[in-house]
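When a residue number appears, it is its place in the shown sequence, counting from 1. Please read these numbers as outputs of a predicted model, since none were measured by experiment.
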Amino acid sequence: MDSGTKTQVAKVCVSLGALALLLLRILVPDLKIDATSLGLFILAALPWLSELIKSAKLPGGLGVTFRDVKEAGDKLMKSAGPQAESGTNSMSGYLGNPDPNLALVGLRIDIERRLRTLADKKGLQGPQPLSDIVEGLRGLGLLDGSATYGLSELIAAGDRAAHGARVEPSVRDWAITNGPRILRILDAKLKGHEPPERE
């Protein structure tokens, strides 16, 4: 069973459990549930809900983890293949910043600059949200599904970092190591040397 299916099963179990408790409360209105009973019920449910809790999103995000950023970067780099190994290392000064938030924000700024330049070059009209630009470039065949996912996740992580979400310190090292390669992928597209697209 993959993680998506496990998450769906957990969601269904939580909903069914809540409905069962509601039905019990309606059928037996005199039933007293004290704090200890409720606490033990929650404790019993926690092992089964770990995947659901891990994937939960709170307003403003839960922070930026190394695992999330690495997964997004891997998707993007896998879609580009070995062609991204050579080229420019032009990056903003923020990428080398010791603060992990600023390093990630710096990478996000560099990604946005290249995407907006590519959008102008390909005739996508007017100022648009960055998410629309990514989708527009995908529509033109310049990004495949994997690259679109990777870029969208990296941009979202950079947005959360810019708004003060906690960024794991290891994200900074990842950005310094892999940021240049990600930017070379976009530079290659700007120069018109796009690798074959794969879904």
Side-chain angles (χ1 to χ4, degrees), residues 1-8 10-11 46-118 129-131 133-134 137-138 143-190 195 198:
M1 186 182 300
D2 64 15
S3 61
T5 305
K6 288 179 183 176
T7 301
Q8 287 299 105
K11 287 178 182 178
L46 278 178
W48 306 103
L49 301 178
S50 62
E51 190 66 31
L52 182 63
I53 291 168
K54 187 171 80 174
S55 65
K57 300 286 186 197
L58 297 176
L62 290 173
V64 180
T65 65
F66 173 80
R67 179 180 162 198
D68 293 339
V69 173
K70 181 183 182 309
E71 180 181 317
D74 287 350
K75 290 272 189 188
L76 175 58
M77 291 185 281
K78 181 180 175 187
S79 78
Q83 181 171 355
E85 294 301 331
S86 62
T88 182
N89 281 318
S90 173
M91 299 174 289
S92 70
Y94 287 109
L95 195 53
N97 195 291
D99 183 290
N101 284 62
L102 290 179
L104 189 55
V105 169
L107 178 58
R108 188 231 181 271
I109 289 169
D110 287 333
I111 289 170
E112 179 169 1
R113 284 181 182 148
R114 284 161 172 83
L115 289 175
R116 289 196 182 279
T117 302
L118 184 58
L130 197 52
S131 58
I133 288 175
V134 171
L137 293 172
R138 182 179 183 180
L143 299 173
D144 64 13
S146 187
T148 300
Y149 169 84
L151 283 169
S152 298
E153 289 297 306
L154 287 173
I155 290 165
D159 288 343
R160 293 196 304 276
H163 289 96
R166 182 186 180 282
V167 178
E168 290 182 355
S170 54
V171 170
R172 173 191 174 270
D173 297 331
W174 180 90
I176 290 170
T177 303
N178 295 284
R181 184 172 180 208
I182 288 167
L183 298 178
R184 286 195 295 268
I185 292 168
L186 298 176
D187 286 341
K189 292 184 181 299
L190 278 167
R198 296 177 296 194

Test item: [X] and [Y] side chains (from C-beta on) under 4.5 Å apart, heavy atoms:
X	Y	value
Val134	Arg138	no
Val69	Val167	no
Leu104	Arg160	no
Leu183	Leu107	yes

Interatomic spacing from [atom1] in [X] to [atom2] in [Y] - rounded to 0.5 Å:
X	Y	atom1	atom2	result
Lys189	Arg114	NZ	CZ	14.0 Å
Leu154	Ile182	CG	CD1	5.0 Å
Leu137	Leu186	CG	CG	9.5 Å
Met77	Ile185	CE	CD1	6.5 Å
Asn101	Arg172	CG	CZ	12.5 Å
Glu112	Ile133	CD	CD1	7.0 Å

Report summary line: Result for side-chain contact (heavy atoms from CB on, under 4.5 Å) between Leu76 and one of Asp144, Leu151, Thr148 points to Leu151

**Report entry** Verdict with reasoning, Leu130 to Asp159, per side chain to side chain contact (heavy atoms under 4.5 Å, CB included)
**Finding:** CA-CA 11 Å; Leu130 197 52; Asp159 288 343; over 6 Å; no

If every non-hydrogen atom of [X] is compared with every non-hydrogen atom of [Y], which pair is closest and at what distance?
X	Y	value
Ala175	Pro180	O-CD, 3.9 Å
Trp174	Gly73	CZ2-CA, 3.7 Å
Asp74	Lys70	OD2-NZ, 2.6 Å

**Report entry** Cationic N near anionic O, under 4.0 Å, Arg184 to Asp187
**Finding:** no

Query - Test salt bridge (Lys or Arg N to Asp or Glu O under 4.0 Å) applied to Asp173 - qualifying residues, sequence neighbours left out - result: none

Query - salt bridge (Lys or Arg N to Asp or Glu O under 4.0 Å) partners for Glu71, two or more places apart - result: none

Requested in this report: Quick one: list whatever passes side-chain hydrogen bond (donor to acceptor under 3.5 Å, both in side chains) with Thr65, sequence neighbours left out.
Outcome: Asp68

